Engineer: 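I have a structure I would like to understand better, so I am pasting it below and will then ask my questions one at a time.
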Amino acid sequence: MNPCATTFPIRDYDLDATVASGQAFRWSAHRGGWVGVIGRRWVRLKSTDISLTAQTAEPVPDWRWLTHYLQLELDLQPVLASFPPDDAMRSAVQACQGLRLLRQDPWECLASFILSSTKQIVQIRQIISHLSEDFGKPVSVPRGHAPIRAFPTPEALASANEAALRACKMGFRAPYLLAAARAVSEGDLRLDVLHQMSVTDARAQLLKLAGVGPKIADCVLLFAYGFQSAFPVDVWVMKALRELYFPRRRPDKARLQRFTETYFGAHAGYAQQYLFHYMRTRRQTPAKAIALRGVR
DNA sequence: TACCAGGAGAGCG
DNA sequence: CGCTCTCATGGT
C-alpha cells in the first residue's frame, strides 16, 4: 500500500466542473487531473466516472480532511431532487450532472472572497497565487512537481503591511484583507464558532467586516460552512434569475431576495451553484470554449 | 444618484 | 488594434 495515495468510489461527482467552478481558486489542471493545496498538504486529484484518486507528498494516516473537503460522503440525488421542478433548473442540472459544493477552510474562503470583489475568476486566481507565494508557508511536493505554498495564515497577513499586500495586485482590497486578518488573528472574529450559530447570526458576524457585503458573506457561508440556505447572487446568478424567472418585469431587491430565500428549497445554495455554472457555460462560442480550457 | 478605487482578460467593431 | 465591458464593496 502506498501511504501517499488512495482511491475512493464516487457517484455523480464531476471533479473538473467542481474545482473549476469559481468556488475555489487554487486548483490547476495537470496531466488530466488537478493539483492544489488543502490546508498544509499538496494534493493531486484525478477522477473517472466511478472513482477518484488522490496523491499526496507525505504519508496520510487518515483521509478525512480530503473526504470532508470534497464532501465525498454526500449523496447528490436527494439534493437534486429537492430543486424546484422548473425548466430552468432542469436545464441547469442537465448541463452538468455531478457539480458539487466543496467544504473549504473558513479563513482561506473568507480571504479569497474578500479578494474576489469586482474581479473575474482568472484574476482572483492570480492574486491568490501571488499572495500565497509571498506570505504562505512552503509545503512538501513530490519530486518533479513545481514548488507551491499554503494559503497564508491570518497571522502571516496580519503582520504584513498594506503596501506588501498591494504588491500582490489586490488594489483597494488590501486594507479589507489586512483588517480581516487582524480581526481573526486577534480573536475579534472567531471563525471557528460560526458553525454553531444560526445562518442569520453567522452572516451578521461576517457582514461586520469592511469589504464583506451580502454576496461575499453568502459565499463564505455556503463554501466554507455548508449553510445550504446561503444564496450568493453575483452577476451570473442575477442574469439567471432575470432571464429564467423574471423575463418580463424586473423585480425590486426585496422581492428578489424573498424569491431566492423561499423558491429554491432546502438546498438553495446548491441550486444557485447549478444556475451559476449553467449561465457561465451554456452556448459557448468556440473561442470562449478554448479560452476556458486554457484556464484549466 | 453616480462615480471611483485597481487590474487584466474578454468581447466587439 | 483600440475601445468598452467585466466584477461587487464602500466612500464620496
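Because the structure is a prediction, the values reported are computed rather than measured.
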Engineer: Look at the side chain of A:Gln120 and decide which nucleotide, out of C:dT9, B:dG7, C:dT6, has an atom nearest to it.
Structural biologist: C:dT6
Engineer: Given B:dG9, B:dG6, C:dG10, which nucleotide is nearest the side-chain atoms of A:Arg173?
Structural biologist: B:dG6
Engineer: Restricting to pairs with a member in residues 74-96 of chain A, which pass ring-ring contact (aromatic ring centres under 6.0 Å, His included), not counting sequence neighbours?
Structural biologist: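 Checked against ring-ring contact (aromatic ring centres under 6.0 Å, His included) - neighbours excluded - the pairs reaching residues 74-96 of chain A are A:Phe83-A:Tyr274.
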Engineer: Between C:dT4 and B:dC3, how many Å separate the two P atoms, rounded to a whole number?
Structural biologist: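 The same atom, P, in both gives a distance of 14 Å.
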Engineer: Expressed as a whole number of angstroms, how long is the span from A:Ile121:CD1 to B:dG7:P?
Structural biologist: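 For the pair A:Ile121 CD1 and B:dG7 P, the rounded distance is 21 Å.
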Engineer: Taking the side chain of A:Trp236 as heavy atoms from C-beta outward, which of B:dG6, C:dC7, B:dA8 is closest to it?
Structural biologist: C:dC7
Engineer: Of the listed nucleotides (B:dG9, C:dG10, B:dG6), which one gets closest to any side-chain atom of A:Tyr176?
Structural biologist: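 Closest of the options to the side chain of A:Tyr176: C:dG10.
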Engineer: Step by step, would you call A:Ser51 with A:Thr48 a side chain to side chain donor-acceptor pair (under 3.5 Å)?
Structural biologist: CA-CA 5 Å; A:Ser51 73; A:Thr48 68; 3.2 Å; yes
Engineer: Picking from C:dT9, B:dA8, C:dC7, which would you name as closest to the side chain of A:Pro214?
Structural biologist: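 The answer is C:dT9, which lies nearest to the side chain.
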Engineer: Of all the choices, C:dT9, B:dG6, B:dA8, which nucleotide is nearest to the side chain of A:Ser117 once you look at every atom?
Structural biologist: C:dT9
Engineer: Closest approach to the side chain of A:Arg166, judged atom by atom: which nucleotide of B:dG7, C:dT9, B:dG6 is it?
Structural biologist: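 Shortest atom-to-atom distance from the side chain points to B:dG6.
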Engineer: Cluster partners of A:Met1, using ILVMFWY side-chain heavy atoms under 4.5 angstrom, listed by chain and number?
Structural biologist: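 Members alongside A:Met1: none; it stands by itself.
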Engineer: If you find the nucleotide of DNA chain C closest to A:Ala210 and the one closest to A:Val235, which residue's nucleotide is nearer the 5' end?
Structural biologist: A:Val235
